[in-house]
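By convention here, the first residue in the shown sequence is residue 1. Ligands are counted one by one from 1 in listed order, and the atoms in each one are counted from 1 as well.
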Amino acid sequence: MNKTGIFYSFNTLNSAKVAKKIEELIGKENIDTVDAENVTESQFLKYDNLILAVPTWFDGEMPTYWDEFKPALEDMDLTGKTVAIFGLGDQKNYPENFGDAIGIMATLVENAGAKVTGFTSTAGYVFEKSRGVRDGEFVGLMIDVENQNDLTDERVKNWVEAIKKDFK
Ligand SMILES: Cc1cc2nc3c(=O)[nH]c(=O)nc-3n(C[C@H](O)[C@H](O)[C@H](O)COP(=O)(O)O)c2cc1C
């Protein structure tokens, strides 16, 4: 498997915790960590396998650091790249926008030519609406540390096993 780049904000608590679990499961020697706060186009283009941490903020939006990178993403050619997205969200406090940001990011990278992998079932989550859901599945992995943290380890483990199969 080619080296994977995992992109998350080093300033976050929750995304960073999940990212560290993923790094361990993929194997530290197989993965580079990149701070999404200062991400550049060349860092993004360096990897064929990318994992992006996209928590939802601001009632259904991406965090500021990803939003600032959006124009660059819209201009990039990500053909041939495989992208797996995980999101953090709070289904109890934001049931109408649960994990919206993973959907926003999935559409952005797909429009740039990437293949998005790692879709997961919505079974076991309780919410009303999400832009992160397509045809009944999340377009990535949703982690809810506020309400279901006891499920985090298992969700991450199953997801990493699945995405590894799609990474080249
Ligand atoms: C101001 C604010 C707005 C939020 N908006 C949403 C939202 O619209 N949808 C959602 O699913 N979670 C929302 N959340 C929950 C966060 O996604 C959740 O706390 C997550 O764990 C934060 O991850 P991070 O620490 O990696 O940024 C919000 C949290 C805050 C504090």
Side-chain angles (χ1 to χ4, degrees), residues 4-26 28 31-40 43-44 47 49-74 83-111 114 116-160 162-163:
T4 298
I6 185 164
F7 295 69
Y8 62 96
S9 159
F10 290 2
N11 289 333
T12 52
L13 245 164
N14 298 328
S15 295
K17 267 192 202 152
V18 176
K20 298 223 161 71
K21 289 179 199 289
I22 295 171
E23 283 165 46
E24 275 163 29
L25 291 165
I26 298 223
K28 289 206 178 202
I31 196 161
D32 287 338
T33 56
V34 184
D35 190 357
E37 297 275 346
N38 308 301
V39 61
T40 63
Q43 282 172 315
F44 218 81
Y47 302 95
N49 305 319
L50 296 96
I51 300 176
L52 310 180
V54 190
T56 301
W57 280 84
F58 314 122
D59 295 343
E61 299 299 332
M62 294 198 296
T64 312
Y65 47 92
W66 279 129
D67 228 29
E68 285 170 356
F69 193 57
K70 194 173 145 182
L73 263 176
E74 284 168 341
V83 177
I85 302 166
F86 72 92
L88 280 291
D90 176 343
Q91 62 200 286
K92 210 164 172 187
N93 282 312
Y94 302 92
E96 297 196 342
N97 301 95
F98 180 53
D100 278 358
I102 64 166
I104 298 169
M105 181 59 90
T107 302
L108 274 171
V109 295
E110 279 173 346
N111 287 345
V116 176
T117 188
F119 285 29
T120 58
S121 167
T122 57
Y125 301 81
V126 179
F127 60 95
E128 281 158 38
K129 255 192 344 209
S130 173
R131 284 198 276 166
V133 173
R134 207 186 278 168
D135 298 329
E137 281 189 314
F138 290 120
V139 294
L141 170 69
M142 276 310 299
I143 295 296
D144 183 341
V145 295
E146 275 92 359
N147 307 295
Q148 296 182 327
N149 205 29
D150 50 329
L151 300 175
T152 298
D153 282 354
E154 201 192 336
R155 283 175 173 166
V156 170
K157 187 170 155 276
N158 292 339
W159 188 67
V160 169
I163 62 171

Next item on the list: Take F86 and V156 through the side chain to side chain contact (heavy atoms under 4.5 Å, CB included) test and state the conclusion after the steps.
Entry: CA-CA 9 Å; F86 72 92; V156 170; over 6 Å; no
Next item on the list: May I ask you to check whether F44 and F7 place their ring centres under 6.0 Å from each other?
Entry: yes
Please tabulate, for side-chain N and O atoms in residues 61-72, each donor-acceptor pair with protein atoms closer than 3.5 Å (sequence neighbours left out).
{"from": "W66", "atom 1": "NE1", "to": "A53", "atom 2": "O", "distance (Å)": "2.8"}

Checklist line | Residues in the immediate environment of ligand 1 (any heavy atom closer than 4.0 angstrom) | finding: T12, L13, N14, S15, P55, T56, W57, F58, D59, G60, L88, G89, D90, Y94, N97, F98, G99, V145, E146
Check: Between I51 and W159, does a side chain to side chain contact (heavy atoms under 4.5 Å, CB included) hold up when you go through it step by step?
Finding: CA-CA 11 Å; I51 300 176; W159 188 67; 4.0 Å; yes
Note to self: Going by the rule side-chain hydrogen bond (donor to acceptor under 3.5 Å, both in side chains), which residues pair with S9 if we only count those two or more places apart in sequence or in a different chain?
What the structure shows: E37
Check: Can you name the side-chain hydrogen bond (donor to acceptor under 3.5 Å, both in side chains) partners of R155, sequence neighbours left out?
Finding: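 side-chain hydrogen bond (donor to acceptor under 3.5 Å, both in side chains) check on R155 returns Y125, Q148.
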